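Just the heavy atoms: all of them, side chains too, but no hydrogens, waters or symmetry mates, feed the values below. Numbering starts at 1 and runs along the sequence shown. Since we're looking at a predicted model, the values are computed, not measured.
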Amino acid sequence: MRRRYSLHFYLAGAVAARAGDEMSGPALMLAGFALAGSTVEASSLLAGITVSAAVGGPVLGALLDRAGQPGRLLAGALVMYAAGLGTILVGLGRLPFAVTILIAVVTGLLGPALSGGWTAQLPRVVLGDDLPRANALDAMTFSVASLAGPALAGGVAETLGAPTAVLVSVVLIVLALPTAWMLPARAGRARDSRTTSMISDLAAGMRVIVGRPSLARATLTSVISCVAQGILTACIPLLGDRVLGGAGRGAVLLSCTALSALAANAVLARFPRSVAPDTIIWASALVQAVALALATWSQPVVLIVAVLIAGVGEGPQLAALFAIRHREAPEHLRGQIFTTGASLKITGFALGAAVAGPVVIWSLPSALALAASVAALATLAFFATPSATTASPERSLNLG
């Protein structure tokens with residue numbers, strides 16, 4: 001099965017699912033505003049579908065680890081996520097808004113399936129020697145999705161209406177179903193050896209994340225970096241308005257970041273062993289800190305250069321994080337570690353965006369300086385985390 005399942009097939013499904021996911025957030029906000037007529041309700045929809053990822057990620061990952069056919073479970077999660085988006089759209093203006101928010105929160109529980117849950121299956125698609133390159137290509141799908149998703153949401157909403165934009169995001173996610181369904185099955189011996197409870201698995205996954213120095217440092221650094229990225233995202237509309245001449249032009253800045261992240265990961269995919277992933281983790285956080293500090297100048301050309309540099313930090317950091325997770329995660333806990341990590345990053349991003357709101361209103365340069373400081377803190381956190389601990393018995397199960 002492994003030989004017949006093409007990496008290109010995997011990547012095509014990942015791009016479709018992740019583009020649909022990236023499109024769904026902006027599309028829901030636009031639909032919420034169009035159908036409910038309130039910016040508060042529109043932003044609440046996005047918050048609702050995001051905040052529950054922290055709870056859903058670990059549980060979904062543990063279920064994927066216990067499944068003999070994880071692709072089937074992943075496909076089911078995609079179906080329910082797409083159905084949840086459709087239900088939210090139908091409920092806007094028809095159901096009490098509190099009920100619609102509740103549907104968004106339940107739908108958000110499945111969000112990590114489109115990120116960490118998918119990537120956790122990669123070692124069953126490619127052989128060990130090909131994994132570094134495949135890992136970099138997988139990280140590129142996030143950059144492609146973050147570039148295409150918001151652009152599609154805005155374009156479709158402008159031409160066909162915001163509700164249609166939500167429907168298109170659903171279609172993209174549904175297009176990924178065959179790719180997920182056909183993912184290689186887990187090896188029989190690994191499948192039959194599970195005798196522990198779900199609670200034990202969840203506890204074991206957290207012990208691995210915290211107890212393995214390389215994984216702990218990479219996780220902490222990436223989560224703090226996501227806080228900085230959330231702060232920058234909250235600054236985007238005002239940066240577009242004050243620096244580029246229109247709030248809508250802020251989307252150009254996000255596109256620049258996604259493009260440079262994509263280009264950086266393309267280089268990394270060509271030379272996957274050129275720099276150790278642990279080095280990339282802290283160095284990329286430092287690059288983001290420099291870029292965010294540069295953005296405080298608030299000059300058009302300087303700002304565009306700054307966000308391009310930020311992308312050079314963000315893209316390789318994601319690829320390096322995946323590489324470390326693949327290296328450190330035991331096979332029977334791989335899905336949980338990936339989805340838990342994705343949940344933590346989503347939470348960090350949401351926290352950064354929430355904290356930035358009042359600061360941006362008070363002072364845009366101060367908000368950008370805060371983002372730069374947080375990114376620098378991410379670098380310091382990497383070196384502050386202990387670099388060695390006593391290896392756990394599970395270490396012997398690590399995949400090379």
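In this structure, the separation between CG on L333 and CZ on F338 is 12.5 Å, given to the nearest 0.5 Å. Atom CG of L7 is separated from atom CG of D138 by 8.5 Å, given to the nearest 0.5 angstrom. One distance of note links OG1 of T340 with CD1 of I209; it measures 4.5 Å at 0.5 Å rounding. Atom CG in L60 sits 6.5 Å away from atom CG in L73 (nearest 0.5 Å). Remark: L183 CG to L122 CG distance equals 9.5 Å, nearest 0.5 Å. For the atom pair CG of L244 and CG of L303, the computed distance is 6.0 Å after rounding to the nearest 0.5 Å.
Closest approach of R124 and P70 over heavy atoms only: NH2-CG, 3.6 Å. Taking both residues in full, the closest heavy atoms of V359 and V355 are given as CG2-O, 3.6 Å, listed atom of the first, atom of the second, then distance. Scanning both residues, V99 and L95, for their nearest heavy atoms gives CG1-CD1, 4.2 Å. A pairwise comparison of heavy atoms in A104 and I88 identifies CA-CD1, 3.6 Å as the closest pair. The heavy-atom pair separating A165 from A157 by the smallest distance is CB-N, 4.1 Å. When every heavy atom of A381 is checked against every heavy atom of I224, the shortest pair comes out as CB-CD1, 3.7 Å.
A salt bridge links R327 with D278: the closest approach of a Lys/Arg side-chain nitrogen to an acidic carboxylate oxygen falls below 4.0 angstrom. Ion pairing between R334 and E328 fails under the 4.0 Å rule for side-chain N and carboxylate O.
Under the 4.5 Å side-chain criterion, counting only non-hydrogen atoms from C-beta, T339 is not in contact with W118. Within the 4.5 Å cutoff, the side chain of V174 has no heavy atoms near those of the Y81 side chain. Counting heavy atoms from C-beta outward, R72 and M182 have side chains that stay 4.5 Å or more apart. You'll find the side chain of L294 stays beyond 4.5 Å of the side chain of V290, heavy atoms only. Using a 4.5 Å cut-off on side-chain heavy atoms (C-beta onward), L172 and L152 make contact. In this structure the side chain of I309 never reaches within 4.5 angstrom of the side chain of S260, judged on heavy atoms. L321 is listed as a side-chain neighbour of K345, based on a closest heavy-atom distance under 4.5 Å. Between T379 and T221 there is no side-chain heavy-atom pair separated by less than 4.5 Å.
I231 and L318 fall into different hydrophobic clusters, where Ile, Leu, Val, Met, Phe, Trp and Tyr residues are linked whenever their side-chain heavy atoms come under 4.5 Å apart, directly or through other members. With hydrophobic clusters built from ILVMFWY side chains whose heavy atoms lie under 4.5 angstrom apart, L64 shares a cluster with L110. Cluster annotation: L351 is not connected to L344 through the hydrophobic network of ILVMFWY side chains, with a link wherever side-chain heavy atoms come within less than 4.5 Å. Using a 4.5 Å cut-off between side-chain heavy atoms of Ile, Leu, Val, Met, Phe, Trp and Tyr, with links allowed through other members, L85 and F97 fall into the same hydrophobic cluster. Placement of L74 and V15 within a single hydrophobic cluster is found when ILVMFWY residues are connected by side-chain heavy-atom separations under 4.5 Å, directly or transitively.
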**OP:** Go through R212 and S214 one step at a time and tell me if the side-chain contact (heavy atoms from CB on, under 4.5 Å) criterion holds.
**Re:** CA-CA 6 Å; R212 296 192 175 180; S214 179; 6.0 Å; no

Subject >> side-chain contact (heavy atoms from CB on, under 4.5 Å) between V223 and F349, intermediate numbers included >> reply: CA-CA 8 Å; V223 170; F349 186 92; over 6 Å; no

Subject >> Derivation and outcome, side-chain contact (heavy atoms from CB on, under 4.5 Å), residues L370 and V374 >> reply: CA-CA 6 Å; L370 175 62; V374 172; 4.2 Å; yes

**OP:** Output, in order, the C-alpha distance, side-chain angles, deciding distance and verdict of side-chain contact (heavy atoms from CB on, under 4.5 Å) for T100 and R94.
**Re:** CA-CA 9 Å; T100 306; R94 297 181 177 88; over 6 Å; no

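Applying the side-chain contact (heavy atoms from CB on, under 4.5 Å) rule to A153 yields the partners M23, P26, A27; only residues at least two apart in sequence or on another chain are considered. Partners of F142 by ring pair (Phe, Tyr, Trp, His ring centres under 6.0 Å), not counting sequence neighbours, listed by chain and number: F322.
Although no hydrogens or angles enter the test, the distance criterion places no donor-acceptor pair under 3.5 Å between the side chain of T219 and the main chain of A216. Formation of a donor-acceptor pair under 3.5 Å by the T257 side chain with backbone atoms of L253 is found in this model. Put simply, the side chain of T385 never gets that close to the backbone of R217: no donor and acceptor are under 3.5 Å apart.
Partner of N265 under the side chain to side chain contact (heavy atoms under 4.5 Å, CB included) criterion, chosen from Q317, M140, R270: M140. Tested against L89 for a side chain to side chain contact (heavy atoms under 4.5 Å, CB included), the candidates V170, T164, V166 yield a single pass: V166.
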